[in-house]
Amino acid sequence: MTKVLSVTSECAPLVKTGGLADVAGALPGALAGLGLGLEMRTLLPGYPGVLSQLSAAEVVAEIEGLFGGPARLLSARSGAVDLLVLEAPHLFQRDGGPYLGPDGRDWPDNPERFAALCRVGADIAAGHLGPWRPDVAHGHDWQAGLLPYYLKRDGTRVPSVLTIHNIAFQGLTPLDRAASLGIAQGDLTADTAEYWGQISTLKAGLICADRLTTVSPTYAAELMTPEFGMGLDGVLRDRRAALTGILNGIDLDIWSPEVDAHIHSYKTPRGKAANKRALQAEFGLPEARGPLCVVVSRLTEQKGLDLLLQALPALLERDGQLLLLGSGAPELEAGFSAIDHPNVAVRIGYDEPLSHRMIAGGDAILVPSRFEPCGLTQLYGLRYGTVPVVALTGGLADTVIPATPATLARQVATGLQVAPLTALALSNALTRLCDLFNDAKTWSKLQRNAMAHPVGWEPSAAAYAALYRDLLGALV
Ligand code: ADP
């Protein structure tokens with residue numbers, strides 16, 4: 001039996017702002033499903049929305065004085081996930097999201113809130129909090145960056161893995177917070193936690209973890225370049241031997257058109273028609289000759305949707321349609337909301353059931369990201385026969401096989417790729433999409449190929465299992 005502690009700030013379905021939650025929520029069940037004797041427990045902050053969903057929680061340990069207040073470690077189960085929940089009211093019992101207050105701004109004590117999570121993770125690993133001790137500690141993103149740091153500084157002989165879900169978030173904070181974060185003064189140097197005159201908890205983790213992973217092979221390679229590494233490319237080049245890219249899967253119990261409770265379920269692309277009609281009716285979209293394109297996304301610069309605003313005429317000229325669900329940058333929210341066209345509908349907000357209906361009812365899903373560590377919505381698109389139109393970057397490049405004469409002939413094409421990513425190239429891709437859509441035979445092949453493309457967790461879970469095994473083997 002190999003025991004793994006996963007330390008994460010989000011875990012679907014309990015708390016989610018993005019793909020990290022999906023991964024943290026799906027990996028434990030996927031590992032258990034391999035039948036290799038891997039047991040994962042997931043340490044998660046006790047946000048109000050998490051605590052209110054727990055049933056039969058048990059107290060594992062009382063913690064005195066954790067970053068300024070008392071705390072308790074609870075154990076509970078959510079679906080296939082064995083949870084360890086850090087109940088620390090002074091840090092997590094607040095209105096708002098996991099990272100932002102109701103005013104939409106970062107909580108000023110975010111560094112301390114997640115340092116506390118890491119402190120508790122390191123104490124669990126050291127056997128100080130209850131009888132369960134992991135063989136491996138696996139943290140996610142900057143929120144868990146101090147986990148490998150504390151383990152190393154404490155001399156705890158539990159190897160660590162840190163997964164980068166998005167290097168854009170680096171856990172930056174002023175140097176004078178070092179003491180409150182439990183970072184030794186001597187570690188405020190460029191070869192540990194200091195990053196251009198600040199602390200980066202992500203950097204501390206990247207340097208201290210035994211192994212690093214990110215969520216696709218292409219993003220792993222990209223991270224080592226100045227264009228994508230966001231200032232940490234040098235650190236990652238130095239740690240090249242420790243870094244691997246393991247693609248995310250999707251949870252097929254939640255995201256499969258055969259079992260999805262939010263939609264008119266279907267087994268073949270034909271079944272999409274009822275979902276499309278329902279979606280068009282819901283949003284007052286007319287029947288149209290062109291494809292119904294959907295977008296489900298955070299609205300940020302990363303996602304390249306400003307380019308879609310520019311490229312949209314190409315879709316509308318061919319009587320294509322756009323339905324967008326998302327929220328984020330005010331200028332993008334305003335830009336999409338201002339479109340006044342019968343073939344365009346926009347919903348600003350976050351709506352999980354609607355995202356399922358859109359992915360089932362759309363003909364194509366657009367993901368023109370400037371960078372995309374893995375991306376999940378194109379994977380949902382593949383599984384639902386909703387043809388992905390993606391930028392050639394990160395996990396998008398690794399998961400979508402572009403339609404060319406050769407890939408169409410060999411029946412492997414699953415979508416369209418846009419490269420280089422410009423508004424003009426996106427316009428051209430949308431025009432091409434309309435052409436393909438109007439060629440019923442080819443379109444049906446694309447949909448079938450997409451639905452047959454493997455997107456489940458099994459190969460990825462096996463890759464994590466191999467990583468843990470290697471890591472433990474390396475220590476013997
Ligand atoms: P990122 O983590 O960068 O936001 P991913 O594609 O990896 O991007 O994951 C995004 C996840 O969040 C997907 O599960 C997607 O369906 C979901 N999502 C994003 N925006 C919304 C929204 N407005 N409503 C519902 N789900 C959303």
Side-chain angles (χ1 to χ4, degrees), residues 268-273 275-277 279-280 283 285-297 304-324 336 339 341-345 358-369 375 377-393 396-397 399-453:
T268 68
R270 278 164 176 265
K272 290 178 67 63
N275 290 289
K276 180 173 177 179
R277 275 196 302 278
L279 200 58
Q280 286 173 321
F283 285 89
L285 292 166
E287 271 190 33
R289 275 178 295 115
L292 170 57
C293 298
V294 295
V295 173
V296 177
S297 184
L305 295 167
D306 49 315
L307 302 174
L308 177 59
L309 279 173
Q310 296 174 54
L312 197 56
L315 180 67
L316 300 178
E317 267 163 30
R318 301 289 189 101
D319 202 24
Q321 298 183 318
L322 175 71
L323 174 55
L324 175 137
F336 281 101
I339 301 170
H341 192 286
N343 276 5
V344 178
M358 288 173 63
I359 285 160
D363 295 304
I365 182 157
L366 311 182
V367 196
S369 305
T377 59
Q378 87 281 8
L379 299 179
Y380 305 151
L382 289 170
R383 189 68 270 284
Y384 284 67
T386 308
V387 173
V389 179
V390 302
L392 184 61
T393 188
L396 301 173
T399 53
V400 175
I401 301 172
T404 64
T407 56
L408 283 169
R410 286 193 209 121
Q411 315 245 7
V412 293
T414 57
L416 290 180
Q417 280 178 345
V418 186
L421 184 65
T422 61
L424 179 61
L426 185 56
S427 296
N428 291 340
L430 292 173
T431 303
R432 174 117 196 280
L433 179 77
C434 294
D435 289 343
L436 286 167
F437 181 73
N438 289 320
D439 172 353
K441 216 166 141 197
T442 307
W443 185 256
S444 154
K445 268 192 204 155
L446 262 183
Q447 289 181 309
R448 281 171 198 280
N449 296 345
M451 287 183 81
H453 190 91

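In this text, all values refer to a predicted model and were calculated from it rather than measured experimentally. Along the sequence shown, residues carry numbers from 1.
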Scanning both residues in full, the closest heavy-atom pair of A429 with V389 reads CB-CG1, 4.3 Å

Smallest heavy-atom separation, L312 atom then I339 atom, equals CD2-CD1, 3.6 Å

Would you check if H453 and I401 make a side-chain contact, meaning some heavy-atom pair closer than 4.5 Å? yes

So the salt bridge (Lys or Arg N to Asp or Glu O under 4.0 Å) pairs with at least one residue in residues 425-436 (sequence neighbours excluded) are R318-D435

Quick one: are C434 and D319 in side-chain contact, heavy atoms under 4.5 Å? no

_Quick check: do P286 and Q321 have side-chain heavy atoms less than 4.5 Å from each other?_
yes

To the nearest 0.5 Å, atom CG of L446 lies from atom OG1 of T386 at 12.0 Å

For Q447 and K272, the nearest pair of non-hydrogen atoms, with its separation, is NE2-CD, 3.8 Å

For N438, the side-chain hydrogen bond (donor to acceptor under 3.5 Å, both in side chains) test, sequence neighbours excluded, returns none

d(F283 CZ, L322 CG) to nearest 0.5 Å is 11.0 Å

Minimum side-chain heavy-atom gap L308-L430 below 4.5 Å: yes

Residue set satisfying side-chain hydrogen bond (donor to acceptor under 3.5 Å, both in side chains) with K445, at least two apart, ordered chain then number -> none

One should read off an interatomic distance between N428 CG and L433 CG, to the nearest 0.5 angstrom, of 12.5 Å

- prompt: What do the steps show when you test Y380 against V296 for side-chain contact (heavy atoms from CB on, under 4.5 Å), and what is the final call?
  reply: CA-CA 11 Å; Y380 305 151; V296 177; over 6 Å; no

side-chain hydrogen bond (donor to acceptor under 3.5 Å, both in side chains) filter on T268, not counting sequence neighbours, yields none

Worksheet item: With a 4.5 Å heavy-atom cut-off, do F336 and L305 have their side chains touching?
Response: yes

Do any N or O atoms from the side chain of S427 and from the backbone of A314 form a donor-acceptor pair under 3.5 angstrom?
no

Here the pair of heavy atoms bringing L421 nearest to S369 is CD2-O, 3.4 Å

Heavy-atom closest pair (P420 atom, A425 atom, distance to 0.1 Å) is O-CB, 3.2 Å

Residues passing the ring-ring contact (aromatic ring centres under 6.0 Å, His included) test with F437, sequence neighbours excluded, are W443

Heavy-atom distance under 4.5 Å between the side chains of V400 and P388, does that happen here? yes

So CG of L366 and CG of L307: to nearest 0.5 Å the spacing works out to 12.0 Å

Sorted by chain and residue number, the side-chain hydrogen bond (donor to acceptor under 3.5 Å, both in side chains) partners of Q378 (sequence neighbours excluded) come out as T399

Between the CD1 atom in I365 and the CD1 atom in I359, the distance rounded to the nearest 0.5 Å is 4.0 Å

Less than 4.5 Å apart, any side-chain heavy atom of P368 and any of L426? yes

Q: Compare all side-chain heavy atoms of L408 with those of N449 and state whether any distance is below 4.5 angstrom.
A: no

Scanning both residues in full, the closest heavy-atom pair of D363 with K276 reads OD2-NZ, 2.6 Å

The reported gap from CZ in R289 to CG in N343 (rounded to nearest 0.5 angstrom) is 9.5 Å

